[in-house]
Each structure stands twice: as structure tokens, then as C-alpha cells.
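Structure, as C-alpha cells:
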Amino acid sequence: MFELDSAVKEIRRGCAEIIDEERIITVLKEYLKSGKNYYVKAGFDPTAPDLHLGHTVLIQKLALFQKYGAIIQFLIGDFTGMIGDPTGKNITRKPLDRPTVLENAKSYKEQVFKILDPDKTEVVFNASWLDELGAKGIVELTTTFNVARMLERDDFEKRFKSETPISISEFLYPLLQGYDSVALKSDIELGGTDQKFNLLMGRQLQRTYNIGKQQAVLMMPLLEGLDGVNKMSKSLGNYIGVTEDPNAMFGKVLSISDDLMWRYYELLSSKTLEEIKTLHEDVNSGKVHPKAAKESLAMEIVARYHDRDKATMAKAEFDKVHKQKDIPTDMPEISTQGPIWIAKILTDAKLEPSTSQARRDIKQGAVKINQEKVQDEQLQLENGEYIVQVGKRKFARVKVI
RNA sequence: GGUGAGAUACUCAAGUGGCCAACGAGGGCAGACUGUAAAUCUGCUGGUUUUUACCUUCGAAGGUUCGAAUCCUUCUCUCACCA
């Protein structure tokens with residue numbers, strides 16, 4: 001089994017906030033004593049998932065709970081998805097049809113089961129009970145709460161004060177999400193810090209509906225993106241997707257700043273807190289090179305979403321390109337009619353967005369052919385095969401016929 | 001519904017008749033350096049093989065003018081105050 005103390009420590013790790021930790025300890029004890037499982041809920045958007053490391057912070061925590069006897073209620077909010085979470089700036093969205101929802105759920109499973117144990121995971125859809133709720137049920141639900149309480153919520157309050165419109169349906173969102181916890185009888189719910197209000201709603205409603213327990217709430221922080229400032233998100237482009245190829249993943253991890261690395265270690269690594277602390281001290285004292293520490297983190301992450309061998313290969317590839325300034329093993333290939341102007345090739349090979357940009361980069365000495373810097377802006381390429389490079393990272397093999 | 005303010009490049013934001021492809025900041029890209037795509041410093045950042053030139057762009061469409069991001073008209077949208 002496991003040690004209660006160390007389990008609690010690992011559960012606390014990286015958490016932004018835990019509400020009712022007592023309850024978590026209680027269910028853990030119960031599990032240790034009688035092997036009785038408990039339920040940990042986490043909700044996800046029904047839109048097509050493209051998970052990145054920001055999401056996996058939460059999912060890894062779920063996986064940790066599985067180790068300690070939890071059954072994960074992986075909730076896909078197909079019903080609440082129609083409303084749009086007022087957290088953030090979403091407006092009312094079109095409902096997704098059934099086949100799309102199922103398709104997205106499948107895609108979730110593919111990505112999520114790289115971390116979660118499928119045997120200890122129940123994938124559930126909240127439309128299955130919210131559809132049944134009906135007008136009567138919804139009215140009942142709304143009587144459990146009042147507007148003043150609702151307005152306590154930070155973003156509602158701000159919007160109310162600044163007189164930004166709040167749709168009535170947005171008031172419904174937290175209530176429905178909370179009702180999910182009633183329907184599922186969850187013992188613990190996990191979510192991001194931005195979900196605090198909604199998560200607490202679950203607790204509140206479980207009491208109101210008298211289901212005999214109140215879920216504990218555990219909030220994970222939002223992971224900073226590659227820039228180290230904004231939260232990781234697809235729209236900002238500062239993310240590492242779990243389906244990205246090993247080389248890109250490895251490179252992206254290595255591109256984070258040394259400071260940010262420790263944050264990633266805490267939230268993403270499966271190393272224990274002690275191991276990380278030792279490593280950090282060794283880096284500070286100069287015993288371990290910061291780059292080595294970053295590489296080992298990158299390896300771990302690549303190995304998790306691909307495998308150990310691919311991680312080793314990604315590291316070798318990275319060294320090859322950046323340390324030995326060699327050319328990468330794989331690169332896009334194009335063939336074209338010659339003789340051809342160098343700037344034209346760069347745009348054809350999609351290494352540059354425009355010939356103007358290509359010219360600028362040539363002027364700056366960013367363009368290389370067969371490892372040789374291009375000096376002549378007007379250079380024409382005759383027949384033959386060339387390795388064309390822009391900057392440190394963009395390569396293409398060009399065949400001129 | 002009434003009144004007022006505004007809409008400029010990836011974002012924020014200057015410019016109120018010619019010196020404007022449009023100040024500045026952020027972001028992005030590149031170079032140098034290095035330990036990596038870290039940090040730091042520097043350059044570039046609408047398009048086009050006419051590159052000390054040409055073409056397109058300052059919410060949209062018209063108009064005034066030798067000349068408009070800048071002035072006028074209409075329209076669309078956003079915001080603020082009042083109801």
C-alpha cells in the first residue's frame with residue numbers, strides 16, 4: 001500500500017489551495033483500512049481536446065489519486081458546454097451534436113490515458129443527468145442560491161460593478177456544475193484556481209441536496225507557458241502539446257528559462273520533492289549544470305508522452321543541431337525548377353513567409369546553404385541538391401532540377 | 001431611445017493635410033555571445049527581384065484636394081454617460 005503521511009505530502013505538492021483536507025485524509029484512511037474506493041471528479045470541456053502540459057498538471061494529480069485508491073470521474077461537460085463557462089470570456093456556444101461529443105470523448109481518452117489508468121477511470125457526460133433535470137429541476141436548483149451570493153464571485157462582481165453584461169444563463173453554469181457533484185456523489189473535486197467558485201458550489205449543493213457528504217476541493221495552479229509569464233494556452237502559442245513530436249517537445253522544454261524550469265519540475269515531474277530539492281541545490285552550488293537539469297526534465301516529459309528511446313533520440317538530435325551545429329536528420333524536402341533565386345526558394349520551402357522577409361534575413365546573415373552563409377542577395381541556384389537553412393531552427397532539403 | 005467619445009499594423013498606442021509604410025512599447029524573427037531555442041547586447045519587423053524604386057494598408061464606401069491616416073458625407077461596430 002502506501003504511507004498516509006507521504007501520500008498527503010504528494011497530494012499537497014504544487015496545489016494552489018485545498019479546502020477540507022480533513023475529508024481527503026478521511027477517505028485515504030478508509031481506503032487503507034478497508035480498501036474502499038472513493039470518487040474524485042474533474043470536469044472537462046466537450047470541445048475537441050488538444051491537451052497541453054497545462055492540462056496535464058491536473059491530470060497528473062488525478063493519476064496520483066488513482067495510486068491512492070481513487071476512482072476518477074472524468075466528466076465531459078457536454079451539457080454545460082452549451083452555456084459556456086463564464087470563467088474567462090466565453091459567450092453562449094452552440095451545442096455540439098452527439099456524434100461530435102463522442103468523437104471528442106474518444107480523442108480525450110487517447111490523450112488522457114497516457115497518464116491515467118483506464119481501469120480506474122469512469123468517463124461520464126453531464127447531459128445524461130442534466131437533460132433529465134427539466135424545467136422543474138432547474139427552478140428547484142435556482143432556489144438554492146441567491147443573486148447576492150452569486151455576485152460574490154470575483155469575475156461576476158467585477159463585471160457587475162463595471163456594468164458589463166452578465167447573462168442569466170451564466171448564473172446557471174456554476175449551479176449546474178455544482179449539481180454534477182450531487183449526481184456523481186463525488187468525494188473530491190479537482191480543478192484550476194480559476195474554478196474555485198464553481199468547485200465550492202459543488203460542496204454547497206451536496207449539502208443542500210443532502211447526499212450525506214461534502215466534497216473536498218483541490219485546486220491546481222495554472223501552469224505558466226513557455227514565456228514564463230502568461231498561463232499556458234493554445235491561443236497564446238506558448239504551449240507544449242501532449243501529441244507533439246519528440247523533437248519539438250524536447251526543444252520546447254529546453255527553451256524555457258532556468259527559473260521556470262523549477263516550476264515545471266514541481267508541477268510536471270514525477271520526481272519526488274526531495275529529489276527535486278537536492279537537484280536544485282546541486283545546480284545552485286555548481287555541482288550540476290543547469291542545462292543538464294533541464295535536459296533531464298525534457299527527457300522525462302518526452303518519455304511520458306512517447307517513450308524512453310524516442311526521448312534519447314530527441315536529445316541526440318537536439319545536441320546534433322545545436323551543439324555541433326550539424327544539420328537535423330529529418331527535414332522537409334522540396335524540389336523545384338532551376339535556376340532559381342534564393343529568396344524564392346526560401347518562400348517556396350515555407351522557411352520564410354515572404355520574399356521581403358527572406359531578403360531581410362539574407363542581409364542579416366541568417367541564411368545558409370550547405371552550412372555556408374549566403375552573402376549575395378541575388379544568388380541563383382543551379383541544378384543540384386542543397387541544404388537550405390534559416391536561423392538555427394529552420395531547415396529544408398531543396399532539389400533544383 | 002437620447003447624448004458624447006472612439007475604431008491606426010500581431011497587441012497596446014502616437015500621429016489631426018505633404019518630411020508617413022506611419023513615433024514608441026510589448027510580442028515575434030534574426031545576429032553576436034553562450035550552457036540550449038536560458039540570460040544579456042544589437043539589428044529587423046506590410047508586400048514586390050523596378051529594392052535610394054514601385055504597389056497595397058490607418059473600421060467600410062463615397063467626396064473635397066495637385067496631395068488624405070489626417071478635412072467632409074453616409075454606413076458599420078465599440079465604449080462612456082443619461083433614460
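Side-chain atoms are counted along with the backbone in the values below, which use heavy atoms only and exclude waters and symmetry mates. Each chain gets a letter, A, B and so on, in the order the sequences are listed, and its residues count up from 1.
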Mind listing the residues from [range] sitting with a heavy atom below 4.0 Å of RNA chain B? Number order is fine.
range                       : result
residues 372-387 of chain A : A:Lys373, A:Gln378, A:Gln380
residues 281-291 of chain A : A:His289, A:Pro290, A:Lys291
residues 304-323 of chain A : A:Phe318, A:His322, A:Lys323

Whole angstrom value for the distance that separates [atom2] of [N] from [atom1] of [X]:
X        : N      : atom1 : atom2 : value
A:Lys392 : B:rU34 : NZ    : P     : 12 Å
A:Leu260 : B:rA37 : CG    : P     : 17 Å
A:Lys344 : B:rG47 : NZ    : P     : 15 Å
A:Ile362 : B:rG31 : CD1   : P     : 13 Å
A:Arg393 : B:rG31 : CZ    : C1'   : 15 Å
A:Asp227 : B:rA37 : CG    : P     : 18 Å
A:Lys363 : B:rA30 : NZ    : P     : 17 Å
A:Lys394 : B:rG28 : NZ    : P     : 13 Å

Between [Y] and [X], do the side chains contain a donor N or O and an acceptor N or O under 3.5 Å apart?
X        : Y        : result
A:Lys41  : A:Ser181 : yes
A:Glu300 : A:Ser269 : yes
A:Gln215 : A:Glu189 : yes
A:Thr47  : A:Asp45  : yes

Which parts of nucleotides 38-44 of chain B does protein reach within less than 4.0 Å, heavy atoms only, written one letter per nucleotide 5' to 3' as B for base, S for sugar-phosphate only and - for none?
S----BS
Return the minimal non-hydrogen interatomic distance between A:Cys15 and A:Lys61, and the atom names on each side.
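Looks like SG-CE, 4.1 Å.
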If you compare all heavy atoms of A:Pro221 against all heavy atoms of A:Val57, which two are closest, and at what distance to 0.1 Å?
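So the two residues come closest at O-CG1, 4.4 Å.
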Contact under 4.0 Å: A:Thr355 side-chain N or O vs B:rG47 OP1/OP2:
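Looking at the OP1 and OP2 atoms of B:rG47, neither is under 4.0 Å from any side-chain N or O of A:Thr355.
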Contiguous Watson-Crick or G-U pair runs (3 or more, under 3.5 Å) in RNA chain B
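Paired runs of 3+ in RNA chain B: B:1-7 with B:76-82, B:10-12 with B:24-26, B:27-32 with B:40-45, B:46-48 with B:53-55, B:59-63 with B:71-75.
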Any chance [atom1] of [X] has more than 12 other-residue heavy atoms, nucleotides or ligands included, within less than 6.0 Å?
X        : atom1 : answer
A:Lys213 : NZ    : yes
A:Glu22  : CD    : no
A:Arg207 : CZ    : no
A:Glu385 : CD    : yes

Whole-angstrom distance between B:rC55 and B:rA38, as gauged at atom C1'
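Roughly 42 Å separates the two C1' atoms.
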Measure from the ring center of A:Tyr31 to the ring center of A:Tyr68 and say whether it is less than 6.0 Å.
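Between A:Tyr31 and A:Tyr68, the centre distance exceeds or equals 6.0 Å.
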Cation-pi check for A:Phe65 against A:Lys120: NZ or CZ below 6.0 Å from the six-membered ring centre and within 45 degrees of the axis, yes or no?
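No cation-pi geometry.
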With sequence neighbours excluded, give me every ring pair (Phe, Tyr, Trp, His ring centres under 6.0 Å) pair touching residues 280-301 of chain A.
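Residue pairs passing ring pair (Phe, Tyr, Trp, His ring centres under 6.0 Å), neighbours aside: A:Trp262-A:His280.
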Verdict with supporting geometry, A:Tyr108 and A:Phe74, ring pair (Phe, Tyr, Trp, His ring centres under 6.0 Å)
CA-CA 10 Å; A:Tyr108 259 120; A:Phe74 193 94; 5.6 Å; yes
Closest-nucleotide ordering on RNA chain B, the 5'-leading residue of A:Ser356 and A:Glu352:
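Nearest nucleotide further toward 5': that of A:Glu352.
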